[in-house]
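Reading through the structure tokens given below for one structure.
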Amino acid sequence: MDLRNIAIIAHVDHGKTTLVDELLKQSGAFRVGQAVAERAMDSNDIERERGITILAKCTSLEFGGLRINIVDTPGHADFGGEVERILSMVDGVVLLVDAAEGPMPQTKFVTAKALALGLRPIVVLNKVDKPAAEPDRALNEVFDLFANLGATDEQLDFPHLYASGISGWADTELDGPRKDLSALFELIVSHVPAPAQVARRNEPFTMLATTLSADPYLGRILTGRVESGTLRAGDTLKALSRDGVRLEQFRVSKILAFRGLGQQPIDVAEAGDIVTVAGMSKATVADTLCAPEIEVPLPAQPIDPPTISVTFGINDSPLAGRDGTKVQSRVIRERLMKEAELNVAIKVSDTPGGDAFDVAGRGELQMGVLIENMRREGFELSISRPRVLFREENGQRLEPIEEVTIDVDDEFTGAVIEKLTGPRKGDLVEMKPAGVGKTRIIAHVPSRGLIGYHGEFLTDTRGTGVLNRVFHEWAPHKGPIQGRRAGVLISMESGTSVGYAMWKLEDRGHFFIGVQEPVYTGMIIGEHNRENDLEVNPLKGKQLTNVRASGTDEAVRLTTPVRLSLEQAIAYIDDDELVEVTPKAVRLRKRFLDPHERKRQTRAAS
């Protein structure tokens, strides 16, 4: 069967997963009456809860006697490692752009990778039926983006469609019939070339591994595109590292191909198709699976380096071990090493003490998703403040700079620019109108200056601003950047919080905890109104007497506490603070330095 391999790339929430749902439905991939969840490609629990795509996933459908392998890619820059690997498997890309927002930072990030590989894009202007849609402006911005990224004349001559993914139609004209997605199917067939590998089916077998996963029955499995030859279950292959070192020789136990939302065993894999192979024990991402006579590995795309680092440690607070079942450093290390093997964008290293581990990755969201997965598996952890990774080149210290794109109401523009260009040492690149009453701000800001800024940004814009960020370049170090300005309220006692005590402390700041919650000495229970830290006693009850008179008792009415999410907590803490993560709670605390004091607090809390 004739083949086409394509990837769908877009910014967060521009509708690519919804569009893939409609492609699958209209191609007949689902049987009549089959119950299919919305955003069927988002199979991960966190993906469904947050409405974002985290893992790159493949699917396959048939149209007019032709098989189309489609890759749904992540839309957030923190998961860019998935995107870089997956683009090497496809021959074309469908670039999905919101007709109201236009191309956004993640669009630029992934499109630059695709253009560098020589892929010719198809542009789909999605959500053109929205009231705020401006498809002509969005199309011009896409052309300007391609030109700025150094696209060739052939890539600049791209076809485009107008579409509404949620309504299930795409047309070559804005006022087209709006019936179905047949125009998109036909454009994929005519514009995307068939895999060049098809002509090499008679050569020895080679395949570059691009994604790694584990199956409870098959063990380690690798997915990639067959570059040459054919493969049958039971054949013997060997694995070569990127440097050409022979890793192992193994027998292929099973070959799986994508069919609809699932995978099915197949007898023969041919050059050009995207398949999954089982049977190896050591081979991993970027390794070459090949016939025994092959000696030279296939070239692998380099992965952009991590930009931030977070320290994962054991939970050594007085409340440790009450919620989770996996609390030992050995178990934490095994889980992190497994994650680093599956996700090439993450690097794990041991700290000198041995009971904590430095995990380097792309951003706070990537770290937050990893921590969230671990807490759901029963782990208890202590997490440090993210640290930006620096480079040394020619005796000069370099730091990562991010391009920040902000859409904000006009009245809040001044406050946002002042924060970015002042204490956070950003450079304003562009400011222009972005619709009725809104302004788009583009700035280049050090990654250090953006840690913890998102919460402050939402406060400054009354929750109406939208901030997107993506790695831009390495630049000379810009000097010290001021961290969090406000101090914190620290509990000086261990026990259970009392409503009367917290009511009396409300004028000191706002709380992160409520009434009747466990606290311990050193735990951060709120934010101070001033810049210094303040130790308070949330356990002090009202002094009771035997005198009662009308009007002497006051009703205790507490302000609703601010509950920090996992990402908010990680971004909020300072260098001398930690986030305590358990399956049931996220707490903030000061670092404990004295082990004898730690034991005393543990006894007191018990």
Side-chain angles (χ1 to χ4, degrees), residues 1-10 16-17 19-20 23-24 27 29 41 53 55-74 82-96 110-111 113-124 154-155 158-159 181 184-201 203 205-211 213 222-231 255-264 266 268-277 285-286 288-289 298-301:
M1 183 177 288
D2 202 4
L3 278 175
R4 296 292 186 274
N5 297 322
I6 65 166
I8 296 187
I9 57 179
K16 61 183 176 300
T17 305
L19 182 67
V20 172
L23 288 170
L24 288 167
S27 68
M41 290 290 285
T53 302
L55 303 173
K57 292 174 287 292
C58 298
T59 186
S60 178
L61 52 87
E62 293 183 19
F63 174 77
L66 178 141
R67 180 170 303 285
I68 303 175
N69 290 321
I70 302 177
V71 179
D72 185 19
T73 61
E82 293 280 337
V83 176
E84 293 158 23
R85 288 180 285 159
I86 217 75
L87 286 177
S88 64
M89 296 200 306
V90 299
D91 303 293
V93 294
V94 174
L95 175 60
L96 202 65
V110 187
T111 304
K113 303 283 185 186
L115 294 177
L117 291 172
L119 301 177
R120 295 172 57 207
I122 296 171
V123 175
V124 177
E154 188 180 33
Q155 290 171 328
F158 57 83
L181 293 170
L184 178 56
F185 281 117
E186 292 167 1
L187 188 55
I188 290 172
V189 174
S190 61
H191 186 74
V192 178
Q197 291 79 6
V198 173
R200 300 199 294 267
R201 287 180 175 172
E203 299 177 11
F205 177 83
T206 57
M207 184 183 97
L208 182 67
T210 52
T211 61
S213 56
L222 287 169
T223 301
R225 180 170 64 177
V226 181
E227 295 295 326
S228 64
T230 58
L231 181 68
I255 307 171
L256 303 173
F258 294 93
R259 299 291 182 263
L261 292 178
Q263 287 184 296
Q264 297 177 2
I266 59 174
V268 181
E270 296 183 324
D273 203 358
I274 297 175
V275 297
T276 299
V277 177
V285 171
T288 299
L289 308 183
L298 296 169
Q301 290 294 324

> CG of L208 to CE of M89: how many Å apart, nearest 0.5 Å?
Replying inline: 9.5 Å
> What residues, two or more places apart in sequence or in another chain, satisfy side-chain hydrogen bond (donor to acceptor under 3.5 Å, both in side chains) together with N69?
Replying inline: N5, S60, D273
> What pair of heavy atoms forms the shortest contact from P121 to P159, and how long is it?
Replying inline: O-CD, 3.8 Å
>> So, applying side-chain contact (heavy atoms from CB on, under 4.5 Å) with I122, which one of I6, I8, L96, V192 is it?
In response: V192
>> Under a 3.5 Å distance rule, please check whether E227 uses its side chain to pair with a backbone N or O of L298 as donor and acceptor.
In response: no
> Got a second to check how far I188's CD1 is from L61's CG, nearest 0.5 Å?
Replying inline: 8.0 Å
>> Quick check: do L19 and L181 have side-chain heavy atoms less than 4.5 Å from each other?
In response: yes
>> Going by the rule side-chain contact (heavy atoms from CB on, under 4.5 Å), which residues pair with A194 if we only count those two or more places apart in sequence or in a different chain?
In response: D2, R4
>> To the closest 0.5 Å, what do you measure between CZ (F185) and CG (L23)?
In response: 4.5 Å
> Does a side-chain heavy-atom distance below 4.5 Å link D91 with R225?
Replying inline: yes
>> If I compare all heavy atoms of A269 with all of V226, which pair ends up nearest, and what's the gap?
In response: CB-CG2, 4.3 Å
> What's the spacing between L87 CG and I9 CD1 if we round to 0.5 Å?
Replying inline: 6.5 Å
>> Applying side-chain hydrogen bond (donor to acceptor under 3.5 Å, both in side chains), can you list everything that pairs with T223, at least two apart in sequence or on another chain?
In response: T276
> When rounded to the nearest 0.5 angstrom, what is the spacing between OG1 in T111 and CG in L95?
Replying inline: 4.5 Å
> Where do F205 and L289 come nearest, in terms of heavy atoms and distance?
Replying inline: CE2-O, 3.7 Å
>> Tell me if a side-chain donor or acceptor on S228 pairs with a main-chain N or O of R200 at a distance below 3.5 Å.
In response: no
>> I'd like to know whether V275 forms a side-chain contact (heavy atoms from CB on, under 4.5 Å) with M207, so could you lay out the CA-CA distance, the side-chain angles of the two residues, the decisive distance to 0.1 Å, and finally the verdict.
In response: CA-CA 9 Å; V275 297; M207 184 183 97; 4.0 Å; yes
>> As an exercise, state the distance from CD1 of I266 to CG of L256, rounded to the nearest 0.5 Å.
In response: 8.0 Å
> Listed by chain and number, what are the side-chain hydrogen bond (donor to acceptor under 3.5 Å, both in side chains) partners of R120, not counting sequence neighbours?
Replying inline: H191
> Below 4.5 Å, heavy atoms only, C-beta onward: do E62 and R67 meet side chain to side chain?
Replying inline: yes
> Excluding sequence neighbours, so at least two apart, what forms side-chain contact (heavy atoms from CB on, under 4.5 Å) with Q264?
Replying inline: R259
>> For A209, give me all partners under side-chain contact (heavy atoms from CB on, under 4.5 Å), at least two apart in sequence or on another chain.
In response: L222
>> I want to check something: taking the side chain as every heavy atom from C-beta on, are T210 and S88 in contact at a cut-off of under 4.5 Å?
In response: yes
